[in-house]
Amino acid sequence: MSERKCIFFLADGARLDVFTELIRRGDLDNIQKYIVEPGELLKAVTVFPSTTGPAYTPYLLGRFPGRCNLPGIRWFDRRYYETNPFSLRRFRSYAGPQSFLINRDIECDSPTLFGMVPGSVSILNEITPDIHPRGNNKTRYLKYYLVVKSHFTDRSNSVEDVAGKILLESLEASPRFVFCVFPGIDAYSHRYHPFHGKVMESYARLDRYVGKVARRIEQRGELSETLFIVGSDHGLTSTHSHFDSLGFLRRRGLRPLYYTNVLRHFLDADSSVMVSGNSMAHYYFKNSDGWKRHTLCEEITDVVEDLRCRPEVDIVCARTSDMRREVKIMNQDGEALVSMDGEGSVCYRNVSGDPLGYGFSRERIDIQELLQLTIDSDYPDAPLQILQLFESPRTGDVVVSARPGYDLRATHENPEHHGSHGSLHKEHMVVPVLISRRSKYDYARTADIFPSIVRYLGLEVPPGVDGRDILEEE
């Protein structure tokens with residue numbers, strides 16, 4: 001019997017409803033044959049922010065991004081802004097050359113799958129701790145060129161062909177774990193919309209490479225011992241209008257630090273706005289103690305009220321206390337408070353109205369029950385996902401989730417985005433996970449895939465991971 005292996009295809013930005021419909025129509029023959037028929041197409045919930053990069057951490061580390069101190073593709077760290085003007089830890093944007101810093105920014109004591117499985121291969125993936133610089137990060141230097149090409153041109157198809165070719169070549173060494181990113185669905189969805197013809201071609205291209213890989217492994221007699229996974233990191237929705245988050249702060253007379261012009265208030269910022277996926281944003285505010293501590297909800301009530309009344313804004317979250325780790329959730333439908341007890345259970349309590357539309361308040365909810373209760377709602381798993389995000393010291397004082405159809409970045413966006421993600425809404429949070437083994441459950445969190453892979457490969461799951469093994473015993 002050959003050694004067990006896992007091949008993971010990260011379909012960046014893939015939607016559950018599109019995958020389901022394409023499979024129903026018979027348009028994804030290879031995925032149907034090699035993954036769905038022997039296994040499952042699962043409804044899964046990703047993480048907040050639902051955006052590329054941070055949403056990879058559940059798959060590769062089994063941890064939510066807030067618990068890895070990776071709260072978005074852009075962030076501001078108040079701990080370093082005032083004390084060290086030349087520190088590389090003051091602020092970040094991974095949408096550019098600083099993407100090379102993402103691995104040093106991750107603060108987590110859990111190993112990655114790359115560290116647990118020697119000889120693992122990474123392709124077009126930016127989360128690569130534990131891979132030796134001269135090791136199997138196959139696109140370490142080529143990746144930035146390919147990502148820029150995918151973002152600024154209409155050539156994501158050729159980028160995916162490069163990734164697919166490298167993937168097939170890497171199989172010659174028979175690696176036990178391969179993680180390959182296919183960025184076309186996300187790139188074309190941003191450029192056009194999530195149902196554009198070029199987006200559909202990206203689903204078909206992914207299917208072709210699944211077939212090529214599976215047949216290559218089948219020829220080697222290793223098919224029965226190989227776990228195939230196709231997983232998405234976030235959904236996408238069409239965008240018709242942009243909210244100027246930067247202008248919102250400037251109109252209040254503030255001096256925000258922002259991307260792309262971080263030099264404008266490099267030393268004298270009294271606020272900052274950092275947008276991820278274009279449908280979520282962190283707002284940071286200087287307070288009476290300078291930048292030494294987080295600014296609490298009651299200190300910026302006018303800002304919070306203005307945001308919650310905006311038609312572009314769906315949900316506003318803000319800290320009520322640094323001691324209680326309690327977060328207030330607000331929108332035009334009401335207010336709720338969410339916190340977590342010492343045993344990992346969630347307290348979700350409506351204060352007025354029902355902002356998430358759950359129809360319940362609970363002093364104590366087990367996180368698996370929470371997922372069951374909210375999986376079919378407009379905001380699946382939102383209380384837990386909000387709490388994990390606010391565990392990061394880099395998370396904003398206020399976090400905003402956009403209403404579907406809107407995003408939060410009206411300026412400095414090239415090319416203009418017509419599709420967005422990052423929010424707490426189900427269309428961004430619900431994702432497909434296709435896995436070639438049977439699952440014990442009808443739905444999952446993306447964090448469940450890490451321990452499932454680890455156990456399948458016969459390894460011990462590290463302590464403290466945020467998911468659970470979902471595969472049936474064989």
Side-chain angles (χ1 to χ4, degrees), residues 6-16 18-19 22-23 27-32 34-36 41 44 46 50-53 55-56 59-60 99 113 120-128 137-139 142-151 153-171 175 177-192 194-217 227-236 277 419 421 431-436 446 449:
C6 175
I7 312 294
F8 196 119
F9 302 83
L10 195 287
D12 200 310
R15 288 178 55 115
L16 174 63
V18 174
F19 250 117
L22 291 175
I23 288 173
D27 292 344
L28 302 177
D29 290 344
N30 294 304
I31 290 174
Q32 173 72 24
Y34 292 108
I35 303 180
V36 177
L41 193 171
T46 187
S50 47
T51 188
T52 304
Y56 288 11
Y59 287 132
L60 291 172
S99 64
L113 278 164
S120 295
V121 170
S122 173
I123 302 167
L124 277 187
N125 162 45
E126 56 199 81
I127 307 292
T128 56
N137 185 358
K138 298 294 186 179
T139 51
L142 183 63
K143 179 190 67 177
Y144 183 63
Y145 163 74
L146 292 173
V147 168
V148 169
K149 181 179 179 179
S150 180
H151 181 80
T153 74
D154 206 24
R155 299 292 303 280
S156 292
N157 55 338
S158 63
V159 171
E160 292 193 319
D161 284 332
V162 170
K165 180 181 178 182
I166 295 172
L167 170 57
L168 289 166
E169 290 172 350
S170 73
L171 297 179
F177 178 64
V178 180
F179 188 86
C180 183
V181 176
F182 285 78
I185 295 169
D186 179 71
Y188 285 130
S189 293
H190 279 302
R191 195 173 187 88
Y192 302 107
F195 308 99
H196 190 271
K198 292 198 172 186
V199 178
M200 297 302 109
E201 289 173 6
S202 293
Y203 284 94
R205 189 176 307 108
L206 171 66
D207 182 69
R208 288 197 296 274
Y209 279 108
V210 168
K212 289 179 180 181
V213 169
R215 285 187 288 275
R216 183 76 58 89
I217 290 174
L227 179 68
F228 294 104
I229 301 174
V230 174
S232 175
D233 52 342
H234 58 76
L236 275 140
H421 56 88
V431 297
V433 170
L434 303 94
I435 191 162
S436 63
T446 56
I449 304 307

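Heads up: numbering here begins at 1 and tracks the sequence.
- The only option from F179, F182, F228 that meets the ring pair (Phe, Tyr, Trp, His ring centres under 6.0 Å) definition with F8 turns out to be F179.
- Not a single donor-acceptor pair under 3.5 Å links the side chain of S436 to the backbone N or O of I35.
- With rounding to the nearest 0.5 angstrom, the NZ atom of K165 is 12.5 Å from the CD1 atom of I123.
- Counting only distance, with no hydrogens or angles, the side chain of N30 and the backbone of D207 share a donor-acceptor pair below 3.5 Å.
- Atom CG of L113 sits about 11.0 Å away from atom CD1 of I449, to the nearest 0.5 Å.
- Y59 contributes a side-chain N or O that, together with a main-chain N or O of S232, makes up a donor-acceptor pair within less than 3.5 Å.
- R216 CZ to K212 NZ: the interatomic distance, rounded to the nearest 0.5 Å, is 9.5 Å.
- Between H421 and H234, the angle of the ring planes stays under 30°, which puts this pair in the parallel group of the 30/60° scheme.
- Counting heavy atoms from C-beta on, the side chains of D12 and L124 never come closer than 4.5 Å.
- In terms of heavy-atom proximity, P194 sits nearest to S189 at CA-OG, 3.5 Å.
- With hydrogens and angles left out, the side-chain atoms of S122 and N125 include a donor and acceptor closer than 3.5 Å.
- Neither side chain, Y34 nor D29, offers a donor N or O lying under 3.5 Å from an acceptor on the other.
- In this structure, I7 and L227 have side chains that are not in contact, with every pair of non-hydrogen atoms separated by 4.5 Å or more.
- Counting heavy atoms from C-beta on, the side chains of F9 and I31 never come closer than 4.5 Å.
- Between the side chains of Y209 and D161, at least one donor-acceptor pair of N or O atoms lies under 3.5 Å.
- A donor-acceptor pair is defined here as one N or O able to donate and one able to accept, closer than 3.5 Å; such a pair exists between the side chain of E160 and the backbone of G184.
- Nearest heavy-atom pair, G13 versus Y203, reported as atom, atom and distance to 0.1 Å: O-OH, 4.5 Å.
- With contacts defined as side-chain heavy-atom distances shorter than 4.5 Å, the pair V121/F177 does not qualify.
- With contacts defined as side-chain heavy-atom distances shorter than 4.5 Å, the pair L16/V431 does not qualify.
- Separating the CD1 atom in I185 from the NE2 atom in H196 is a distance of 14.5 Å, to the nearest 0.5 Å.
- The closest side-chain heavy-atom distance from I229 to L434 is not below 4.5 Å.
- Across every non-hydrogen atom of L41 and P432, the tightest pair is CD2-CB, 4.5 Å.
- Across all non-hydrogen atoms, the minimal contact from P183 to V181 is CD-O, 3.6 Å.
- Between the CG atom of L236 and the CZ atom of F195 there is a distance of 9.0 Å, given to the nearest 0.5 Å.
- In this structure, S202 contributes its side chain and K198 its backbone to a donor-acceptor pair below 3.5 Å.
- Residue D233 comes nearest to A55 through the heavy atom pair O-CB, 3.5 Å, listed as atom of the first residue, atom of the second, then distance.
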